[in-house]
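Atom set for the values below is all heavy atoms of this structure, side chains included, hydrogens, waters and symmetry mates excluded. Residue numbers start from 1 in every chain, and the chains themselves are labelled A, B, ... in the order their sequence lines are given, proteins ahead of strands. Everything quoted here is computed from the prediction, not taken from an experiment.
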Number of protein chains: 4
Amino acid sequence: MAPKRVDRAARREDVLDAAVRVFARRGFAATRIEDVAAEAGIAKGSVYLYFDSRDALLRAAFARVAARSERLTAAAARPGRPAVQRLADLVRGAVAMLAAEPDLARIMVDLWSTGRARPGTPPGGTAAPALDLAEVYRAYRSVIADLLAEAGRDGDLRPGLGQAEAAVVVAAIEGALVQWLVDPEVPFADLADPITTTCLNGLRPRP
Amino acid sequence: MAPKRVDRAARREDVLDAAVRVFARRGFAATRIEDVAAEAGIAKGSVYLYFDSRDALLRAAFARVAARSERLTAAAARPGRPAVQRLADLVRGAVAMLAAEPDLARIMVDLWSTGRARPGTPPGGTAAPALDLAEVYRAYRSVIADLLAEAGRDGDLRPGLGQAEAAVVVAAIEGALVQWLVDPEVPFADLADPITTTCLNGLRPRP
Amino acid sequence: MAPKRVDRAARREDVLDAAVRVFARRGFAATRIEDVAAEAGIAKGSVYLYFDSRDALLRAAFARVAARSERLTAAAARPGRPAVQRLADLVRGAVAMLAAEPDLARIMVDLWSTGRARPGTPPGGTAAPALDLAEVYRAYRSVIADLLAEAGRDGDLRPGLGQAEAAVVVAAIEGALVQWLVDPEVPFADLADPITTTCLNGLRPRP
Amino acid sequence: MAPKRVDRAARREDVLDAAVRVFARRGFAATRIEDVAAEAGIAKGSVYLYFDSRDALLRAAFARVAARSERLTAAAARPGRPAVQRLADLVRGAVAMLAAEPDLARIMVDLWSTGRARPGTPPGGTAAPALDLAEVYRAYRSVIADLLAEAGRDGDLRPGLGQAEAAVVVAAIEGALVQWLVDPEVPFADLADPITTTCLNGLRPRP
DNA sequence: GATGAATGAGCCTTCATTCAT
DNA sequence: CATGAATGAAGGCTCATTCAT
């Protein structure tokens, strides 16, 4: 009669946490369900109580990365301050967030390559829609391009800046991330300033 | 027997070519020896005539990527022109090369994530030396840092630029690459100029 | 405590009812404990309150089929009427009963094939006694053979009829059942008469 | 260069032979791929060189049973002799064939029950058409009904015999088979005559 | 008693690697 | 040299059974 007291959703979250840690450590491809189970401290079969398949787990991790991305760009919308400053904040915020959650960052890098054979895409090709990584970056660039344009109108940056320059800003962040992940000695968190300075200076109106 | 040697090496190269194509298309993890054999037009077992194991193939692909990187940085050493220009050439050259060889570029992205469980690193940990991706980027930044310093002395860029700014330049390139690979509509080749302009301007002495 | 007993037994019967329905629908092999629980409207674990194991459930279903068979043959013992008529009644009764309980009939067919690896026979071979399907049919034929002999003495059928002819009568019934189960359009219930007529005529003394 | 000398088709047939033996012994449901491999004297994985999946193996066995059935009914078409005799021959031929290939017969019985969830029918329901067991028996009855009608016109049997009586004849054969499979002491092969005699006598014109 | 979360043995399937031809 | 049949270890998933609540 007494339904066992387990918060299913919370437990599911625990398993996903564990999965994210293992994915970050081993990569998607090399991660076996058993690894996730071990990390979560449960039995192999129990993973299937919360996720339908290995693939569902991948997709959930993917969704988490996507959610984080959205939080990131959403934060840049804070109005009331000059666009250049919001831009600088966005860059700093992005770097800080990525640096604070290296596991998710690593997963994102994994997604860059897995992107071709998206998680949830069985060999045949019939895939779950999952998260469209291209869309994530498109949104990212779009937000930045808007800020660049606004700053251009403010006279803080050159006028006429657009998608290309937005791509460069995004690139500086993601590229710095890569270098850090490949070589932990690269001081990613400290690169927020050089990135901001270099890019914003580089986009200032020529004297 | 000498001709045999040549033939053998050429054959090996053919197989590696095929492997690179498949790796780029499917990713490391999803590529089976048989896929490579099929792409190379030989039998599965024959792959083992040229490579000791699946892993050796991975390492060979890695080596090829690394070699490409070295060619890249080596080219920047051409003296006789001002450092700023050699820097701009380096950026443009890198972008052009990556854009021209998307297969190798894709593999490089794959390596970023696989890097943790380095190709050649069996679960146990006793690994073949493989190649050190961190080292590749360290060299890359080093070359650029030297050019930045030289340009600083030339008065073309701010003095005092170092590793951090070099990382930003590398980041802009690699980050742009990622966006292109994730979303083919991003005009990677055309980003060479925005990258160069933004970064170099951003590093100019303040007026 | 007595009421508890009754309750428990009734519950057990409910579960077995549910099991029989599912067995008939899905077949033994494809039926999971959870299916039975769902059909019975209880939780998976609760099935074990009434049956020691999946196998015990199978055996109970078997027992039910066997009990039905016994009721069938027992009914044929009614004396006081000529043997030929009791024989005809037996055939009609059997067909009617099978037609009325297709679920049990389906299970019986399942038992024909599962019979080899008798329910209750774990791979090792140390088995619970379970029920002997061969014995069920032996009894069936025996009753019929007795009726045939008696009818022979009555002069209604040929003398000298025995096990072989009894087997033919049983065969006609079971074989008709099979055809119905395989193809629901076969009018099994209506075959009682053709079976009776054909067999009994066929066993009449030659003119 | 030297393509290994193995007759793929023959090998496949060997594996299927082994599978049929195991299916007959253990039943479909209880048969693991490894059992088949062991019976065939090969490694588990090698089964997959010849069959795409466990299910494909089931379907192949199924097809073999179907082919046997067709041979059976086809044989009854021999014209040039009176229909009654061809009918008697058909019954005897069927019994002889079933008795000679008990493995296939056992599989057929397995199919009767598995018929619901036909081999090749994944849980979802999207099935390969495979063999329609209902169709097999329909054809069987149809051939017999034709012979009965012809014999009726010949005056050897009652006129007006049809599907129902055909079903009884088929039933006698299949039902006898069941009894034999359930209890090897039942002399199935010897039942050909009692079946023929009983049924044909039973269908004679009343004096 | 009842529940359903948890477990882990077991089975199907894939694929790197070997080796007889 | 080249082949591709054969192998068997590994990993995903299912499900009977147990047990804390």
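Heavy-atom contacts from other residues, nucleotides or ligands closer than 6.0 Å to CD of D/Glu34 number 12 or fewer.
The residues A/Glu39 and A/Arg26 are annotated as not salt-bridged, no charged nitrogen and carboxylate oxygen being separated by less than 4.0 angstrom. Taking 4.0 Å as the cut-off between side-chain N and carboxylate O, A/Arg59 and A/Asp55 count as a salt-bridged pair.
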C/Arg21 vs C/Asp17, salt bridge (charged side-chain N to carboxylate O under 4.0 Å, His left out): CA-CA, chis, key distance, verdict: CA-CA 6 Å; C/Arg21 286 193 299 274; C/Asp17 287 345; 5.2 Å; no
A/Phe51/A/Leu16 under side chain to side chain contact (heavy atoms under 4.5 Å, CB included): CA gap, chis, key distance, verdict: CA-CA 9 Å; A/Phe51 295 90; A/Leu16 184 52; 4.0 Å; yes
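One can place NZ of D/Lys44 at 14 Å from C1' of F/dA6, the figure rounded to the nearest angstrom. What separates CD1 of D/Ile33 from P of E/dT14 is a distance of 11 Å, to the nearest Å. Following rounding to the nearest Å, B/Tyr50 (OH) and E/dT17 (C1') show an atom-to-atom distance of 17 Å. Put simply, CD1 on B/Ile42 is 15 Å from P on E/dT17, counting in whole angstrom units. The distance between atom CZ of D/Arg26 and atom P of E/dC11, rounded to the nearest whole Å, is 11 Å. Note: OH (B/Tyr48) to C1' (E/dC19) measures 13 Å, nearest angstrom. When rounded to the nearest whole Å, the span between CG of A/Asp14 and P of E/dA6 equals 10 Å. In this structure, A/Leu58 places its CG atom 14 Å from C1' of F/dG11, rounding to the nearest Å.
Under the Watson-Crick or G-U wobble criterion, with both distances below 3.5 Å, F/dA5 is paired with E/dT18. When Watson-Crick and G-U wobble pairs are counted only if both distances are under 3.5 Å, E/dC11 pairs with F/dG12.
Of the candidates F/dT3, F/dT17, F/dG12, the closest approach to any side-chain atom of B/Ser46 belongs to F/dT3. For B/Ala43, taking side-chain heavy atoms from C-beta onward, the closest of the listed nucleotides E/dA5, E/dA16, F/dG4 is F/dG4. Of all nucleotides listed (F/dT7, F/dC15, F/dT17), F/dT17 comes nearest to the side chain of C/Ser53. Of the candidates F/dC1, E/dT3, E/dC11, the closest approach to any side-chain atom of B/Arg8 belongs to F/dC1. Across E/dC12, E/dT3, F/dG12, the shortest atom-to-atom separation from the side chain of D/Arg54 is found for E/dC12. Out of E/dA2, F/dT3, F/dC13, the shortest distance to the side chain of C/Leu49 is found at E/dA2.
Each of B/Asp52 and A/Gly41 lies near DNA chain E, and the nucleotide nearest A/Gly41 is the one positioned closer to the 5' end. The 5' end of DNA chain E is approached more closely, in terms of each residue's nearest nucleotide, by D/Glu34 than by the other of D/Glu34 and B/Ala29.
At the phosphate of E/dG1, neither OP1 nor OP2 sits under 4.0 Å from any side-chain N or O atom of C/Arg11.
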